[in-house]
Amino acid sequence: MESPRVTVRAEADGACVVVCSGEFDLDTVGELEAVCAQEAAGAQRLVLDVSGVVFADSSFLNVLLGLRNRRPLVLEGPLPHQLHRLLEMTGVLPLFEVRDSRCRRG
């Protein structure tokens with residue numbers, strides 16, 4: 001199992017970027033919830049860089065949906081195949097704005 005890592009950085013436009021990497025499940029998703037509740041609480045817009053997420057289960061999905069319901073949320077990718085599949089199979093992919101960071105760096 002690849003331990004989850006969650007780091008935060010601010011962008012010039014006032015957005016808060018939370019970078020997620022590793023595996024997120026019921027036992028490990030608490031770190032993401034805590035960071036978003038504390039360090040990213042005041043941000044007008046939240047960007048979750050999920051390009052480094054190796055595994056995500058329904059607990060991670062639940063956190064994403066909760067964050068999306070509280071403020072504008074952008075998923076920055078590219079979305080890992082497994083996460084894309086989870087969002088697609090549950091029918092929630094259209095609910096999220098997804099930015100592919102490869103397109104912006106070119």
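Atom set for the values below is all heavy atoms of this structure, side chains included, hydrogens, waters and symmetry mates excluded.
- Hydrophobic clustering, with ILVMFWY side chains joined whenever heavy atoms are under 4.5 angstrom apart, keeps Val50 apart from Leu26.
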*Between Leu95 and Arg68, does a side-chain contact (heavy atoms from CB on, under 4.5 Å) hold up when you go through it step by step?*
CA-CA 9 Å; Leu95 298 177; Arg68 181 197 169 274; 3.5 Å; yes
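- Listed here is the closest heavy atom pair of Arg71 and Gln44: CB-O, 4.2 Å.
- Between Gly77 and Ser51, the closest heavy-atom pair is C-CB, 3.9 Å.
- Side-chain contact between Asp49 and Cys20 is absent, with no heavy atoms from C-beta onward closer than 4.5 Å.
- A single hydrophobic cluster is seen to contain both Val98 and Leu83, as judged by linkage of ILVMFWY side chains at heavy-atom distances under 4.5 Å, directly or through other members.
- Pairing each heavy atom of Phe60 with each of Val29, the nearest pair is CA-CG2, 3.9 Å.
- In terms of hydrophobic clustering, with Ile, Leu, Val, Met, Phe, Trp and Tyr side chains grouped at heavy-atom distances under 4.5 Å, Leu73 and Val92 are assigned to a common cluster.
- Rounded to the nearest 0.5 angstrom, Glu39 CD and Thr7 OG1 are separated by 9.5 Å.
- From Leu46, atom CG reaches atom CG of Leu67 across 6.0 Å, with rounding to the nearest 0.5 Å.
- A distance of 11.0 Å separates CG of Asp57 from CZ of Phe24, quoted to the nearest 0.5 Å.
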*Test log, rule side-chain contact (heavy atoms from CB on, under 4.5 Å), inputs Val74 and Arg45*: CA-CA 8 Å; Val74 174; Arg45 186 169 50 93; 4.1 Å; yes
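- The shortest side-chain heavy-atom distance between Val19 and Arg9 falls under the 4.5 Å cut-off.
- Put simply, NE2 on His81 and CD on Glu88 are 8.5 Å apart, with the number rounded to the nearest 0.5 Å.
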*Checking side-chain contact (heavy atoms from CB on, under 4.5 Å) for the pair Leu93/His84: CA distance, chi angles, key distance, verdict?*
CA-CA 8 Å; Leu93 184 59; His84 184 272; 3.5 Å; yes
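- Both Leu87 and Leu65 are members of a single hydrophobic cluster when ILVMFWY side chains are connected at heavy-atom separations under 4.5 Å.
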*What's the verdict on side-chain contact (heavy atoms from CB on, under 4.5 Å) for Phe96 and Leu48, showing C-alpha distance, side-chain angles and the deciding distance?*
CA-CA 11 Å; Phe96 294 97; Leu48 254 97; over 6 Å; no
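- Taking all atoms of both residues into account, the shortest heavy-atom contact from Glu23 to Pro4 is O-CB, 3.5 Å.
- With hydrogens and angles disregarded, no donor-acceptor distance shorter than 3.5 Å links the side chain of Glu76 to the backbone of Asp100.
- Of all non-hydrogen atoms in Val54 and Glu2, the two that sit nearest each other are CG2-OE1, 3.3 Å.
- Under 3.5 Å, the side chains of Thr28 and Asp25 contain a donor-acceptor pair of N or O atoms.
- Across every non-hydrogen atom of Val18 and Ala40, the tightest pair is CG2-CB, 4.3 Å.
- No single ILVMFWY cluster, assembled from side-chain heavy atoms under 4.5 Å apart, contains both Val17 and Leu64.
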